[in-house]
Amino acid sequence: LRIDPSQVVLINHGYSPDVGPNYPLIRTLEFVAQSHGWKVVVPNFQPSYHFKSRRDRSERVKLIYEELLCLNPKPKNIVIVGHS
């Protein structure tokens with residue numbers, strides 16, 4: 001199957017300081033998206049966990065924004081999936 005870089009799924013994992021994005025639900029979502037030809041981006045939010053309250057959330061938003069800015073080629077479609 002060919003991955004189309006113009007179709008991007010950005011999967012945001014929940015709070016998991018031990019495994020970060022490497023737990024079964026996230027990897028299952030990644031597999032399903034890739035099997036449908038979508039490029040998958042899974043940011044690692046673990047560096048933001050040492051902040052407290054609202055700052056940790058703003059750091060995660062910044063990481064998402066940076067991931068999107070660094071995509072090359074720029075995608076036509078972006079889907080953001082997340083939980084927690």
Side-chain angles (χ1 to χ4, degrees):
L1 181 67
R2 187 171 160 261
I3 301 296
D4 182 355
S6 72
Q7 311 276 31
V8 173
V9 174
L10 192 132
I11 301 174
N12 300 298
H13 62 87
Y15 183 82
S16 180
D18 298 326
V19 294
N22 293 315
Y23 56 96
L25 175 61
I26 297 304
R27 294 304 162 201
T28 300
L29 292 170
E30 179 180 32
F31 173 78
V32 170
Q34 288 175 340
S35 70
H36 285 87
W38 287 70
K39 174 184 172 87
V40 176
V41 176
V42 182
N44 185 354
F45 296 136
Q46 286 174 300
S48 72
Y49 295 159
H50 70 276
F51 297 110
K52 300 297 179 202
S53 72
R54 293 185 184 149
R55 174 118 190 253
D56 59 352
R57 291 182 183 159
S58 66
E59 288 295 318
R60 288 192 286 277
V61 169
K62 183 175 122 183
L63 287 168
I64 291 168
Y65 188 65
E66 288 172 351
E67 289 284 347
L68 294 173
L69 285 175
C70 291
L71 291 172
N72 191 14
K74 298 299 178 204
K76 293 180 186 173
N77 295 304
I78 299 171
V79 174
I80 298 177
V81 177
H83 70 92
S84 298

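Cluster annotation: Tyr23 is connected to Ile11 through the hydrophobic network of ILVMFWY side chains, with a link wherever side-chain heavy atoms come within less than 4.5 Å. Linking ILVMFWY residues whenever their side-chain heavy atoms come closer than 4.5 Å, directly or via other members, places Val42 and Val79 in the same cluster.
To the nearest 0.5 Å, atoms CG (Asp4) and CG (Asn77) are separated by 8.5 Å. With rounding to the nearest 0.5 angstrom, the CG atom of Asn44 is 7.5 Å from the CG atom of Asn22.
Partners of Arg55 according to the side-chain contact (heavy atoms from CB on, under 4.5 Å) rule, which considers only residues two or more places apart in sequence or in another chain, are Phe51, Ser58, Glu59. Remark: Lys74 engages no residue in a salt bridge (charged side-chain N to carboxylate O under 4.0 Å, His left out) (not counting sequence neighbours).
Contact of the Tyr65 side chain with the Leu68 side chain is not registered, since no non-hydrogen atoms from C-beta on lie closer than 4.5 Å. Between Glu67 and Ile64, every side-chain heavy-atom pair lies at or beyond the 4.5 Å cut-off.
For the pair Pro5 and Val8, the tightest heavy-atom approach, listed with the atom from each and the gap, is O-CG2, 3.7 Å.
Below 30°, between 30° and 60°, or above 60°: for Phe45 and His13 the angle between ring planes is between 30° and 60°, a tilted geometry.
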Could you pull out all donor-acceptor pairs under 3.5 Å where a side-chain atom in residues 34-41 meets a protein atom, sequence neighbours excluded?
{"residue": "Ser35", "atom": "OG", "partner": "Phe31", "partner atom": "O", "Å": "3.4"}
{"residue": "Ser35", "atom": "OG", "partner": "Val32", "partner atom": "O", "Å": "2.7"}
{"residue": "His36", "atom": "ND1", "partner": "Val32", "partner atom": "O", "Å": "2.9"}

